[in-house]
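Any value given below was found using the heavy atoms of this structure, including those in side chains, with hydrogens, waters and symmetry copies removed.
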Amino acid sequence: MKFRVERDVLTEAVSWAARSLSPRPPVPVLAGLLLKAHDGVVSLSSFDYETSARLEIPAEISDEGTILVSGRLLADICRSLPNAPVDVETDGTKVTLSCRRSSFHLATMPEAEYPALPGLPAILGTVPGDSFAKGVAQVIIAASKDDTLPILTGVRMEIENELITLLATDRYRLAMREIQWQPANPGTSTSALVKAKTLSEVAKTLGGSGELNLALADDDSRLVGFESGGRTTTSLLVDGDYPKIRSLFPESTPIHAVVSTQELVEAVRRVSLVAERNTPVRLAFTEGLVTLDAGTGEDAQASEELEAQLTGEPITVAFNPHYLIEGLAVIETPFVRFSFTSAPKPAMITAQRDLEGEDEDDYRYLVMPVRLPN
């Protein structure tokens with residue numbers, strides 16, 4: 001095999017494909033990146049039995065062929081090469097990368113032992129990549145990072161006609177985002193539990209490529225797939241029954257407070273500097289004002305006041321500052337709306353464009369309060 005390709009094109013392609021490689025592969029060949037030169041393109045593939053990635057890049061092909069090389073090492077080498085065309089050529093069990101006066105010789109791996117990549121399942125429809133990326137970023141903050149509860153490390157994706165709903169929870173908070181999309185067949189109704197890590201990578205690497213094709217297997221393969229800009233990735237779905245968490249959102253909330261989003265984020269960050277590990281930040285909402293405070297009388301203390309518009313009775317609640325900041329930071333509107341049923345019950349946070357307007361319910365963030373002493 002022999003081909004030439006631009007350094008930046010090769011580096012970006014190798015880096016993207018290598019993202020799916022496991023740091024501790026079950027078999028050595030799964031640490032490899034499969035390169036196949038044919039018909040004026042080089043295809044790059046990676047697979048670890050759970051997640052696959054594949055893309056093609058244009059190249060000047062002198063000799064067609066296939067090689068399997070260490071993916072992470074190849075990615076590191078490509079990033080270090082000078083900005084010039086790269087020549088890749090095999091010689092027996094070795095592959096040589098040449099770029100100007102730089103030359104690297106790598107051992108190849110037995111490509112015959114590499115497993116066949118799964119094909120992309122049937123495409124269900126198309127969603128704008130930027131909307132999908134934004135929705136994923138808003139929801140995955142609530143997905144659990146505790147692998148002892150694998151079901152909660154996933155994001156439930158519910159598809160009903162022209163609406164995709166993303167849901168995630170770690171038992172302490174819950175995020176939900178609704179996204180409009182174009183299903184391939186009207187009346188589509190299905191659901192899938194997708195790894196939060198997979199969705200995060202898709203949002204980061206494919207979200208800016210325009211339209212994103214969403215694919216879902218209707219057989220026992222339990223595969224979800226995404227395709228955009230000539231790049232394809234598949235992943236096994238998380239197995240298990242996701243808890244019915246939609247019912248946790250309150251049907252009615254008699255107490256509402258509207259606060260400037262950015263001012264509140266900055267105030268919580270400042271006040272929480274004195275909050276010791278696992279101690280909350282308290283928010284006291286009164287007419288025209290919200291007072292934040294943290295710390296105890298014997299240790300450091302901090303407090304700050306912000307303007308707030310309150311509807312209903314005054315209320316004092318306390319939150320984990322990390323959970324509160326994460327929920328606020330993904331809201332892009334100038335204001336946020338807190339909706340309460342009572343102090344011990346979860347608070348719902350939604351986006352709001354102005355003080356008087358209705359809240360935008362395409363994104364909702366529910367966070368459990370921390371119980372305060374009487």
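- In this structure a side-chain-to-backbone donor-acceptor pair under 3.5 Å is missing from R337 to M348.
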Which pairs of donor and acceptor atoms, one on a side chain in residues 210-222, lie under 3.5 Å apart (sequence neighbours left out)?
{"from": "N213", "atom 1": "OD1", "to": "T126", "atom 2": "OG1", "distance (Å)": "3.0"}
{"from": "N213", "atom 1": "ND2", "to": "E227", "atom 2": "OE1", "distance (Å)": "3.2"}
{"from": "D219", "atom 1": "OD1", "to": "S221", "atom 2": "N", "distance (Å)": "3.0"}
{"from": "D219", "atom 1": "OD1", "to": "S221", "atom 2": "OG", "distance (Å)": "2.5"}
{"from": "R222", "atom 1": "NH2", "to": "L237", "atom 2": "O", "distance (Å)": "2.6"}

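- Counted within 6.0 Å of OH on Y172, heavy atoms from surrounding residues, nucleotides or ligands total 12 or fewer; the atom is thus considered open.
- A distance-only check finds a donor-acceptor pair linking the side chain of T169 to the backbone of R171 [under 3.5 Å].
- Without hydrogens or angle criteria, S303 side chain to D293 main chain gives no donor-acceptor distance under 3.5 Å.
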Atom pairs and distances, donor-acceptor, side-chain atoms in residues 53-63, under 3.5 Å, two or more places apart:
{"from": "R54", "atom 1": "NH2", "to": "E56", "atom 2": "OE2", "distance (Å)": "3.4"}

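- Between the side chain of Y363 and the backbone N or O of Q138, at least one donor-acceptor pair lies under 3.5 Å.
- The same ILVMFWY cluster, assembled from side-chain heavy atoms under 4.5 Å apart, contains both V290 and I325.
- When hydrophobic residues (I, L, V, M, F, W, Y) are linked wherever their side-chain heavy atoms come within less than 4.5 Å, the members clustered with L223 are L236.
- Within 6.0 Å of the CG atom in D8, the count of heavy atoms belonging to other residues, nucleotides or ligands exceeds 12.
- Residue V41 belongs to no hydrophobic cluster, having no ILVMFWY side-chain heavy atom closer than 4.5 Å to its own.
- Identified under the ring pair (Phe, Tyr, Trp, His ring centres under 6.0 Å) test for residues 234-284, with sequence neighbours left out: none.
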### Task
Begin with the C-alpha distance, continue with both residues' side-chain angles, and end with the deciding distance and a verdict on side chain to side chain donor-acceptor pair (under 3.5 Å) for T233 and R19.
CA-CA 11 Å; T233 184; R19 287 174 181 266; over 6 Å; no
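- Applying the side-chain contact (heavy atoms from CB on, under 4.5 Å) criterion to P186, with sequence neighbours excluded, gives no partner residue.
- At least one donor-acceptor pair closer than 3.5 Å links the side chain of S46 to the backbone N or O of A17.
- Connection of L44 to L106 is established within a shared hydrophobic cluster, with ILVMFWY side chains joined at heavy-atom distances below 4.5 Å, either directly or through further cluster members.
- Residues M176 and R246 are in side-chain contact: their nearest non-hydrogen atoms beyond the backbone lie under 4.5 Å apart.
- S228 meets the side-chain hydrogen bond (donor to acceptor under 3.5 Å, both in side chains) test with no other residue; sequence neighbours excluded.
- The cluster map of Ile, Leu, Val, Met, Phe, Trp and Tyr, joined by side-chain heavy atoms under 4.5 Å apart, puts V127 and I123 in different clusters.
- Of the possible donor and acceptor atoms, none in the side chain of T286 sits under 3.5 Å from a partner among the backbone N and O of P314.
- The hydrophobic cluster containing L68 also includes V27, V29, L30, L34, F47, Y49, M109, Y114, L117, under a criterion of side-chain heavy atoms closer than 4.5 Å among ILVMFWY residues, counted directly or through chains of members.
- In this structure E12 satisfies the salt bridge (charged side-chain N to carboxylate O under 4.0 Å, His left out) test together with R231, sequence neighbours excluded.
- When hydrophobic clusters are built by joining Ile, Leu, Val, Met, Phe, Trp and Tyr residues whose side-chain heavy atoms come closer than 4.5 Å, directly or via intermediates, L167 is not grouped with M368.
- Residues V202 and V136 have side chains not in contact (no heavy-atom distance under 4.5 Å, counting atoms from C-beta outward).
- In this view, K36 satisfies the side-chain hydrogen bond (donor to acceptor under 3.5 Å, both in side chains) rule with no residue, not counting sequence neighbours.
- For S98 (side chain) and S103 (main-chain N/O), no donor-acceptor pair under 3.5 Å exists by modelled atom type.
- Applying the under-4.5 Å side-chain rule to Ile, Leu, Val, Met, Phe, Trp and Tyr, the cluster around L273 consists of that residue alone.
- The aromatic rings of F340 and F319 lie parallel to each other, their planes meeting at an angle below 30°, with 60° marking the opposite boundary.
- Shown here is E160, whose CD atom has more than 12 heavy atoms of other residues, nucleotides or ligands within 6.0 Å.
- Contact annotation: the side chain of L97 approaches that of I77 to within less than 4.5 Å [non-hydrogen atoms, C-beta and beyond].
- Note on V139 and L206: same hydrophobic cluster, where clusters join Ile, Leu, Val, Met, Phe, Trp and Tyr whose side-chain heavy atoms are under 4.5 Å apart, directly or indirectly.
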Under 3.5 Å, which donor-acceptor pairs do the side chains of residues 141-152 form with other protein atoms, sequence neighbours left out?
{"from": "S144", "atom 1": "OG", "to": "D146", "atom 2": "N", "distance (Å)": "3.1"}
{"from": "D146", "atom 1": "OD1", "to": "T148", "atom 2": "N", "distance (Å)": "3.0"}
{"from": "D146", "atom 1": "OD1", "to": "T148", "atom 2": "OG1", "distance (Å)": "2.6"}
{"from": "D146", "atom 1": "OD2", "to": "T148", "atom 2": "OG1", "distance (Å)": "2.8"}

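- Judged by distance alone, the side chain of D91 and the main-chain N or O of K94 form no donor-acceptor pair under 3.5 Å.
- In this structure, E64 places its CD atom where more than 12 heavy-atom neighbours from other residues, nucleotides or ligands lie under 6.0 Å away.
- By the 30° and 60° cut-offs, the orientation of the rings of F132 relative to F226 is tilted.
- Side-chain contact between L35 and F3 is present, with at least one heavy-atom pair separated by less than 4.5 Å.
- A donor atom on one side chain and an acceptor atom on the other are found under 3.5 Å apart for S15 and R79.
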